[in-house]
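Everything on this sheet refers to the single structure shown next.
Just follow the structure's listing: the first ligand is 1, and inside any ligand the first atom is 1. When a residue number appears, it is its place in the shown sequence, counting from 1.
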Amino acid sequence: MTHLLLDLPPLSPARFASIEDRVARLLNTRQDVVIMQGEALLPLEGAIRGTAGPGTTALNVITGPYGQTFGDWLRDCGATVIDLTVPFHTAVTAGQVRDALAEHPQIDFVSLVHAEAATGNTNPVAEIGEVVRAHGALFHLDAVASIGAEPVLPDTWGVDLCVIGAQKAMGGPAGVSAVSVSERAWARMAANPRAPRRSYLSLLDWKERWIDGGRKALPHAPAQLEMLALEACVQRIDAAGPRAVMARHAAAAASTRAGALALGGGLEPYVRDAAEAAPVATTLRAPSGTVAADLVARALSADPALPLAAGGGALAAEMIRVNHYGPEATPGAVRASLVALGAALAEKGLDVDAAGALRAAEAAWR
Ligand SMILES: *Cc1c(COP(=O)(O)O)cnc(C)c1O
C-alpha cells in the first residue's frame, strides 16, 4: 500500500489545471477556479483579506460559528462590519438581507455561509443573491458544507467568491480546497492595497503567477496526494451523477428528521422548519434533562463509526449532530444512528419507539 502513495510521478501543471476545470464544471461556473493548497479556511481567509479593507462596509450574515469567524477577519482587515445574526435554529431570509442593505446603503460586501454543518441550517442563496446583486455589493459565499449535498451555482446566483472544500458532502480530502473568483472580485483585490501579496493567503499571487501565465507553471509544489484525492472524489461524484449524490443527502436528512421525531423521548429537530434544514447534517435538540454530549458518547461507545457528534462549544449540551457526509449519507447509517440514539435515550429512562423510528425513517427516505 505504502508505495502506492509514495512512488508517484510529479503532478504536472496540465493535470493540476484539469482538476481545476473539473471543479469548475461541478460548480457550473465560467469564473476562474483556484485550488488552494490547504484546508477551506485558507481560501475563505484569502478571499476576505483580499477583497476587504478599511474602505469596505461589510454585511456579515451569522447563522452559525463560521459567520462569527468571518466577522472577526473582516474587522481585522479594517472593514466596517454590520452583523446580521439570526437564531441558529433558523435560516436568514432574503427579506432580512434586503432590509439590512436598505438600512446601510454603503454596504459593498456581503458574506454568507450557505449551509452550516455546525448548526444544521441552510440559507436561500438564490433569493439572497438577487438582493445582493440588485444592491451591487460583492458577494462572498462559504459553500463548504453545501457542495455535493445541494445545488451550488455561483454564476446563476451572482456569487463573486464561492469557496468549497471536499471534506463534507463530497466525501473527499480536507487538505486542498477551491474558490471561484469573478472578474469583479479580481478587480476589487487588485485595487486593494492591503490584499495579501507574496503570501500563502494570496489569491492575487495565483492569478499573476498561474492563471495569467496560461496555467503553465505552478507557483510552488502542489499537495500532490490531496490533489489526486480531490480528482478521484470529483470523478466519483460525476460517475454517480451530482443530482443523485444530492438526492441521497436530501433523503438522509429527511429520513433522519422523520426518524428522530418518531423516536420520541423528547428528541426534536434543532432546525425547526424542515425547509431550512441542511442536507449535509441533521441537528437534533437533546431532550430536557439530558446532555447531548453524554448521549452521543453513549451511542459512540456502542459503535465508534457512527456519524454522530455533539454540537461544538456551548452547543455541546443541547445539540446532537447526525452527519451525512458523502459515503455516510446512506439508509444504513441513518438507521444505525437512530437505533444508537434510541438506546442512549432509553438508558436515561426515556420512552422511545425504535421500531417506529425505523419505519418513519424508511418511509421518508423514499
Ligand atoms: C466544515 C466547514 C468549513 C471548514 O472548516 P473545518 O471545520 O476545518 O472542516 C468551513 N465552513 C463551513 C460552513 C463548514 O461547515
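- Within ligand 1, counting atoms from 1 as listed, the ones closer than 4.0 Å to a heavy atom of Val113 are 13 (C).
- Here is the list of ligand 1 atoms found below 4.0 Å of a heavy atom in Gln167: 4 (C), 9 (O).
- The existence of a salt bridge linking Glu20 and Arg215 is confirmed by a sub-4.0 Å separation between a basic side-chain nitrogen and an acidic carboxylate oxygen.
- In terms of polar-atom proximity, defined here as any N/O pair under 3.5 Å, Asp142 does make such a contact with ligand 1.
- When only non-hydrogen protein atoms are considered, atom 7 (O) of ligand 1 lies nearest to Tyr66 OH, 2.5 Å.
- A salt bridge links Asp238 with Arg22; the closest basic N to acidic carboxylate O contact falls under 4.0 Å.
- Listed by number with element, the atoms of ligand 1 under 4.0 Å from a non-hydrogen atom of Ala145 are 15 (O).
- Residues Ala40 and Ile164 come closest through the heavy atom pair CB-O, 4.5 Å.
- Of the residues listed (His89, Glu116, Arg321), the one engaging Thr283 in a side-chain contact (heavy atoms from CB on, under 4.5 Å) is Arg321, and it is the only one.
- Annotation: Asp351, atom CG; neighbour count of heavy atoms from other residues, nucleotides and ligands within 6.0 Å does not exceed 12.
- Every atom of ligand 1 is numbered from 1 in the order shown, and the set under 4.0 Å from a heavy atom of Ala117 is 15 (O).
- Here the shortest heavy-atom pairing between Gln31 and Ser180 reads OE1-OG, 3.1 Å.
- Counting heavy atoms under 4.0 Å from ligand 1, residue His114 does not touch it at all.
- Outside the 6.0 Å centre-distance limit, the rings of Tyr325 and His249 are not counted as a close aromatic pair.
- Residue Ala115 approaches ligand 1 through these ligand atoms, each under 4.0 Å from one of its heavy atoms: 13 (C).
- The protein heavy-atom contact nearest to atom 4 (C) of ligand 1 is Glu39 OE2, 3.1 Å.
- Of the protein's non-hydrogen atoms, the one nearest atom 14 (C) of ligand 1 is Lys168 NZ, 2.9 Å.
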